[in-house]
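Comments concern the structure below.
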Amino acid sequence: MPIPRVTATVDLSAIRHNLSRVRALAPQSKVMAAIKADGYGHGAVPVAQALADAGVDAFAVACLEEAMTLRAAGISTRIALLEGVLSRDEAIEAAALGLEIVIHDRWQLDLLASLPPDSPLAVWFKLDSGMHRLGFPLAEAQSLNEALHAHPNWQLQGWITHLACADDLASPMTQAQITAFEAAMDGIPGARSIANSAGLTAWPQARVDWVRPGLMLYGASPMPGQTGADLGLKPAMEVASRLIAVHPIAAGETVGYGATFTCPETMQVGVVAVGYADGVHRILPTGAPVLIHGVRVPIIGRVSMDMITVDLRRLPQAAVGDPVTLWGAGLPVEEVATWAGTLAYELFCGLTNRVHYRYTG
Ligand SMILES: *Cc1c(COP(=O)(O)O)cnc(C)c1O
């Protein structure tokens, strides 16, 4: 039996805990948990099972294929398709699986209107309050509401909008979006949904009928300069590999592709069996930390496909076989993301199928 090289350990009890933090922040709101992109790289099915056990109200996925995976695994919780359906066949399949279809554009409205009028169809409308990615103009809310009369088989679940700058407390955009959305909705029946993780942590006025957290359920903070722990969240994922070589390299010698690191003295260099083919970003520079025996040691030289090299001067006792944490307890994913010039979202989603998953809790 091969020994797992790189392991992502996912603590499902942390995910349930993080849902309880969402509930504490938005006690009046229903929770639609975003588990698109394979549960942000955590494994959509186990994450969905954990959240369903904890009583989540609905799930959000990007597309029909993701929803089919959940239904095939026996998940019977409500599921919304955030990008709606792409064809008539998808619409029929979605209806058969009891999925909720977000309608964000006129062409989808026409597509759904062409379905047989007898079968029930659960729909959400998406309105564009300023992000200008998906959604109908706010001015069309009234006519969309009226269009429902022509489709008695459509069951309206609610109205969604999405915030562009909720992670920036100084931006006036969030309040402007909320105000414009509320004004457009005035007098129109149906549940409202505004907030992603950043909206729901930082903007109390965005905690309306439904909240749609993703990132924070996995224990990471959506706010720059904060970690999940600052918000009472528990990181759900730890990614680890092991040292496969430890050797002294002489002063003046270089390490790795491109010879970008020169040893300033004779020093112990460790080789860790993880690389960009596992999801460790190649852009991580010399100095970015990994954790060995609870000590931060810096990556040196280039990240290669299957390996990274680390400076073991701080850890002379390190030996082949020792576990190495890429992110997780003791090394927040947010910090690693900053070193990589990206966000926790991208690190989570960037893990590849060479990584072994293990579930606890
Ligand atoms: C992904 C997504 C969310 C969740 O966003 P987080 O920042 O991960 O909380 C909410 N709403 C929509 C429309 C999304 O696409």
Side-chain angles (χ1 to χ4, degrees), residues 15 18-19 21-23 25-26 29-42 44 47-48 51 56-64 66-67 70 78-85 99-105 108 123-136 157-169 171 173-174 177-178 181 191-203 206-224 226-228 231-233 235-237 333-334 337 342-350:
I15 291 177
N18 296 333
L19 175 63
R21 286 295 302 148
V22 170
R23 295 269 190 220
L25 282 168
S29 305
K30 290 188 171 165
V31 178
M32 179 185 286
I35 58 169
K36 60 204 183 195
D38 200 23
Y40 290 41
H42 290 65
V47 167
L51 289 169
V56 77
D57 300 289
F59 293 118
V61 296
C63 59
L64 176 62
E66 291 181 340
L70 297 174
R78 297 171 61 177
I79 303 174
L81 302 176
L82 288 174
E83 295 174 15
V85 290
L99 306 176
E100 304 182 4
I101 300 175
V102 175
I103 307 175
H104 61 75
D105 199 286
Q108 291 181 319
V123 300
W124 294 80
F125 283 127
K126 177 140 187 190
L127 298 178
D128 177 11
S129 57
M131 176 144 170
H132 301 320
R133 195 175 60 177
L134 292 182
F136 293 89
Q157 308 302 309
W159 302 83
I160 289 177
T161 198
H162 198 43
L163 300 172
C165 301
D167 59 349
D168 180 358
L169 291 172
S171 169
M173 186 143 182
T174 301
Q177 283 193 266
I178 295 171
F181 179 68
R192 277 87 156 130
S193 178
I194 299 174
N196 56 2
S197 295
L200 116 84
T201 50
W203 302 86
R207 299 167 191 156
V208 294
D209 301 313
W210 284 84
V211 291
R212 307 187 309 272
L215 189 70
M216 65 187 293
L217 293 172
Y218 308 99
S221 167
M223 309 304 289
Q226 270 190 343
T227 64
L231 299 170
L233 304 170
M237 181 193 282
V333 64
E334 296 91 336
T342 184
L343 302 172
Y345 296 87
E346 200 182 5
L347 294 190
F348 286 153
C349 296

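All of these numbers come straight from a predicted model, not from anything done at the bench. Counting starts at 1 for both ligands and their atoms, following the listed order. Residues: numbered from 1 along the sequence shown.
Nearest heavy atoms, Gly39 versus Ala44: N-CB, 3.7 Å. Closest approach of Arg212 to Thr161, counting heavy atoms only: NH2-O, 2.9 Å.
At a cut-off of 3.5 Å, with distance as the only test, no side-chain donor of Ser29 or Arg207 sits close to an acceptor on the other residue.
Between Tyr345 and Tyr40, the ring-plane angle classifies as tilted under the 30° and 60° cut-offs.
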When you pair each N or O of ligand 1 with protein N or O atoms, which pairs come out under 3.5 Å?
{"from": "ligand 1", "atom 1": "7 (O)", "to": "Tyr345", "atom 2": "OH", "distance (Å)": "2.5"}
{"from": "ligand 1", "atom 1": "8 (O)", "to": "Tyr40", "atom 2": "OH", "distance (Å)": "2.5"}
{"from": "ligand 1", "atom 1": "8 (O)", "to": "Leu215", "atom 2": "N", "distance (Å)": "2.8"}
{"from": "ligand 1", "atom 1": "9 (O)", "to": "Ser197", "atom 2": "N", "distance (Å)": "2.7"}
{"from": "ligand 1", "atom 1": "9 (O)", "to": "Ser197", "atom 2": "OG", "distance (Å)": "2.5"}
{"from": "ligand 1", "atom 1": "9 (O)", "to": "Gly214", "atom 2": "N", "distance (Å)": "2.8"}
{"from": "ligand 1", "atom 1": "11 (N)", "to": "Arg212", "atom 2": "NE", "distance (Å)": "2.9"}
{"from": "ligand 1", "atom 1": "11 (N)", "to": "Arg212", "atom 2": "NH2", "distance (Å)": "3.3"}
{"from": "ligand 1", "atom 1": "15 (O)", "to": "Lys36", "atom 2": "NZ", "distance (Å)": "2.6"}

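The pair Glu66-Lys36 fails the salt-bridge criterion, with no side-chain N (NZ, NE, NH1 or NH2) lying under 4.0 Å from an Asp/Glu carboxylate O.
Evaluation of the salt bridge (Lys or Arg N to Asp or Glu O under 4.0 Å) rule for Arg192 yields no partner, not counting sequence neighbours.
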